[in-house]
Number of protein chains: 2
Amino acid sequence: MATQQQFAELASQLRGTLAVVREMARAMPPDCPPASAGVLSAISRNGEIRMSRLAELLDIDMSVTSRHVAHLAERGWIERAPDPLDRRSRLLRLTALGDLALRTAQDHVAEVLAERLSDWPDEDVERFTDLLDRLRTGFCEPRPLPRTNT
Amino acid sequence: MATQQQFAELASQLRGTLAVVREMARAMPPDCPPASAGVLSAISRNGEIRMSRLAELLDIDMSVTSRHVAHLAERGWIERAPDPLDRRSRLLRLTALGDLALRTAQDHVAEVLAERLSDWPDEDVERFTDLLDRLRTGFCEPRPLPRTNT
DNA sequence: TATTGTTATACTCTATAACTATA
DNA sequence: TATAGTTATAGAGTATAACAATA
């Protein structure tokens, strides 16, 4: 396992990454802020989905998810259909307009990244994406209880 | 260069990393929120520093930096000395208390990372830290003007 | 009684603009 | 006139708590 020092450095770099995410956010269309793009992306990847599951995927509170979803629905980017199996619930799915908005947003950020990271070799981009994915997965997955030292 | 698709995926993973940073933030002491830790860390790395330079390093507006710095000064974690060369300016430096606060905060987040990433090999942590550093550097450094197609 | 989703309220972090005091 | 820093105000994103409808 890495040393305490190494983890501290990693943590610091992760905090520093917020500046990059902020920079990417500036490239987004005004009516599709990063949080909206994240919700669209999650729905697109998963297909029809419930609010509660969506909140779980995004790792944010359902109250927050609800507000983002309302924003998207106002723009006609998603549909909220009643769930025939549970009338408390709603099933969300992307509309054609929503799919277009998502693609547009993705194109914008990809362009910004391509411009700034033009000198990165392919494999570094791949490896980086993979590490980020593993980080998120390792964090958001439920963890076994920490072992006590008995 | 990587494809548009690869960059889009990278962007998505970077957005997803926000969830991890939020999770780490929950492990911070209540009077040392992540933003404060970031400022302490930057001052610690650079030694005595001016406000304007600090804002540049953190890539946030000076008005925001000013508020964070005021927060730290109230707690006795930094000192603000007048700059003998320019009386408009102030020189910031960590106090012993501030150094302690920083170390405490670093220990907390490192512990969280160590717990969640216990199965990561050393080299992955190193490589990941390096990639994050290169990303931030590639983004926050001034860029040459994009070439027009003439 | 518990759960799904919504709304009201508050907190953190950031940006823009107006201000002051020096340069 | 321009620059360093501060403060006031606004906006995006999140969390907690109270609520309505349904299970």
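Excluded from the calculations below are hydrogen atoms, water molecules and symmetry mates; all remaining heavy atoms, backbone and side chain alike, are included.
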Can you give each donor-acceptor pair under 3.5 Å made by side-chain atoms of residues 23-37 of chain B, sequence neighbours left out, with the distance rounded to 0.1 Å?
residue  : atom : partner   : partner atom : Å
Glu23(B) : OE1  : Arg26(B)  : NH1          : 2.8
Glu23(B) : OE2  : Arg116(B) : NH2          : 3.3

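Residues Leu92(B) and Met62(B) are members of one and the same hydrophobic cluster, defined by side-chain heavy-atom contacts under 4.5 angstrom among Ile, Leu, Val, Met, Phe, Trp and Tyr.
Partners of Thr129(A) according to the side-chain hydrogen bond (donor to acceptor under 3.5 Å, both in side chains) rule, which considers only residues two or more places apart in sequence or in another chain, do not exist here. Here Glu74(B) pairs with nothing under the side-chain contact (heavy atoms from CB on, under 4.5 Å) rule; sequence neighbours left out. Here Thr95(B) pairs with Glu79(B), Leu97(B) under the side-chain contact (heavy atoms from CB on, under 4.5 Å) rule; sequence neighbours left out.
One N or O on the side chain of Gln6(A) and one on the backbone of Thr3(A) form a donor-acceptor pair closer than 3.5 Å.
Using a 3.5 Å distance cut-off with no hydrogens or angles, the side chains of Glu9(B) and Gln13(B) do pair a donor with an acceptor.
Contacts between residues 24-39 of chain B and DNA chain D, defined by a heavy-atom separation below 4.0 Å, involve Arg26(B), listed by number. Near-neighbour residues of DNA chain C inside residues 61-94 of chain B, defined by a heavy atom below 4.0 Å, number-ordered: Asp61(B), Ser63(B), Val64(B), Arg67(B), His68(B), Asp86(B), Arg87(B), Arg88(B).
The nearest whole Å value for the distance from the CG atom in Leu58(B) to the C1' atom in dT12(C) is 16 Å. Note: CD (Glu23(A)) to C1' (dC13(C)) measures 16 Å, nearest angstrom. To the nearest angstrom, P of dT12(C) lies 18 Å from CG of Leu18(B). Rounded to whole angstrom, the span from the CE atom of Met51(A) across to the C1' atom of dT3(C) amounts to 14 Å. Rounded to whole Å, atom P of dG5(D) lies 14 Å from atom CD1 of Ile60(B).
When each of Arg22(A) and Ser52(A) is assigned the nucleotide of DNA chain C with its nearest heavy atom, Ser52(A) is the one assigned upstream, toward the 5' end.
Between His71(B) and Trp77(B), the two ring planes are perpendicular [angle over 60°; tilted spans 30° to 60°].
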